[in-house]
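Data block below; observations after.
Quick note: numbers below take in every heavy atom, side chains included, and nothing from hydrogens, waters or symmetry partners.
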Amino acid sequence: GGPFAAGASHREVERAAEIVLGTTPAEVHEVAGKVLQTVHTYRGIVLRSSIHDVGEADSSFDLLIPSAKLSDALAGFSEAGEVLSRSESSADVTARTIGLGERLQDAEAAVKGLLGQLAAAESDSEREAVEAELRSARARAAGLRSHLSALQRRVHFSRVSVRIDSNPGAVSGGGGWDLSDALHAAGHLLAIAVGVPIVGLAILAPLALIALLERLNRRAW
């Protein structure tokens with residue numbers, strides 16, 4: 001009893017998670033395939049998926065994963081690409097579940113009682129009055145049953161959002177220098193440094209040759 005159902009032996013918990021994976025534009029489809037394979041492995045449900053090609057918007061998935069397998073599924077998603085962010089949330093809905101269950105039992109008991117009154121009705125007006133109450137009681141029971149079923153689905157299946165960030169700068173090292181970048185830059189500078197003397201020699205060589213021929217000509221004269 002109470003707003004927290006402290007005496008309940010089993011807790012009903014609603015869970016949700018969000019994870020953002022980073023990858024290069026060329027590997028978007030590969031990472032998306034790994035995400036879908038993880039969903040299949042843990043018997044999840046794809047509510048919505050959007051997979052874009054290179055240069056377009058980020059790819060994303062809205063998923064339902066069995067709550068008992070949520071931790072394993074999140075580990076599988078984390079292996080599909082580089083994890084840029086990951087968050088999880090939970091809400092204890094034990095009191096709500098118990099409350100809805102009790103109200104549903106009362107509504108079903110009311111329907112059963114009205115059915116007994118309808119069978120015992122002796123006049124048309126009495127039957128019409130009982131039938132009106134019965135319709136209202138059945139509608140109330142159906143609404144409570146629907147709410148309880150939806151709440152139980154949220155407990156048994158966790159909502160998971162997976163987004164694939166294909167921005168080239170999203171993955172580690174994308175925005176800074178590593179060893180290969182340094183070697184490439186050094187090679188480029190070396191080529192420039194070597195090229196300058198070569199260009200200079202290419203310009204000076206004909207002038208030196210002309211001067212040498214003129215000197216030999218004077219000496220011969």
Less than 4.5 Å apart, side chain to side chain, heavy atoms only: is that true for [X] and [Y]?
X: Val160; Y: Leu64; answer: no
X: Phe61; Y: Ser161; answer: no
X: Leu148; Y: Leu144; answer: no
X: Val93; Y: Val155; answer: yes
X: Arg159; Y: Leu47; answer: yes
X: Asp58; Y: Val28; answer: no
X: Leu151; Y: Arg96; answer: yes
X: Val46; Y: Val39; answer: yes

Among residues at least two apart in sequence or on other chains, which ones pass side chain to side chain donor-acceptor pair (under 3.5 Å) with [X]?
X: Ser149; answer: Arg153
X: Thr38; answer: none
X: Arg138; answer: none
X: Arg15; answer: none

Partners meeting salt bridge (Lys or Arg N to Asp or Glu O under 4.0 Å) with [X] (sequence neighbours left out):
X: Arg154; value: Glu14
X: Glu131; value: none
X: Asp62; value: Arg48

Pairs under 3.5 angstrom only: tabulate donor-acceptor contacts from the side chains of residues 118-126 to other protein residues two or more places apart or in another chain.
{"from": "Ser123", "atom 1": "OG", "to": "Ser125", "atom 2": "OG", "distance (Å)": "3.3"}
{"from": "Ser123", "atom 1": "OG", "to": "Glu126", "atom 2": "N", "distance (Å)": "3.3"}
{"from": "Asp124", "atom 1": "OD1", "to": "Arg127", "atom 2": "NH2", "distance (Å)": "2.2"}
{"from": "Glu126", "atom 1": "OE1", "to": "Glu122", "atom 2": "N", "distance (Å)": "3.4"}

Taking atom [atom1] of [X] and atom [atom2] of [Y], what is their separation to the nearest 0.5 Å?
X: Thr23; Y: His29; atom1: OG1; atom2: NE2; value: 11.0 Å
X: Ser158; Y: Leu63; atom1: OG; atom2: CG; value: 11.0 Å
X: Ile65; Y: Phe157; atom1: CD1; atom2: CZ; value: 9.0 Å
X: Leu21; Y: Ser166; atom1: CG; atom2: OG; value: 12.0 Å
X: Gln152; Y: Thr97; atom1: CD; atom2: OG1; value: 6.5 Å
X: Ile164; Y: Ile51; atom1: CD1; atom2: CD1; value: 7.0 Å

Subject >> Pairs satisfying salt bridge (charged side-chain N to carboxylate O under 4.0 Å, His left out), at least one member in residues 16-25, at least two apart >> reply: none

Subject >> Residue pairs fulfilling salt bridge (charged side-chain N to carboxylate O under 4.0 Å, His left out) with at least one residue in residues 24-44, sequence neighbours excluded >> reply: Glu30-Lys34

Original post:
Quick one: which of Arg103, Arg140, Arg145 gives a salt bridge (charged side-chain N to carboxylate O under 4.0 Å, His left out) with Glu108?
Top reply: Arg145

Subject >> Side-chain donor or acceptor of Thr94 paired with backbone N/O of Glu12 under 3.5 Å >> reply: yes

Subject >> For Val20, side-chain contact (heavy atoms from CB on, under 4.5 Å) partners two or more places apart >> reply: Leu84, Ser85, Arg163, Asp165

With a 3.5 Å cut-off and sequence neighbours excluded, list the donor-acceptor pairs that the side chains of residues 71-80 form with protein atoms.
{"from": "Ser78", "atom 1": "OG", "to": "Leu74", "atom 2": "O", "distance (Å)": "2.8"}
{"from": "Ser78", "atom 1": "OG", "to": "Arg86", "atom 2": "NH1", "distance (Å)": "3.3"}

Subject >> Same apolar cluster (I L V M F W Y, side chains within < 4.5 Å links), Ile45/Tyr42 >> reply: no

**OP:** Looking only at non-hydrogen atoms, find the nearest pair between Gly44 and Pro66 and report the distance.
**Re:** CA-CD, 4.0 Å

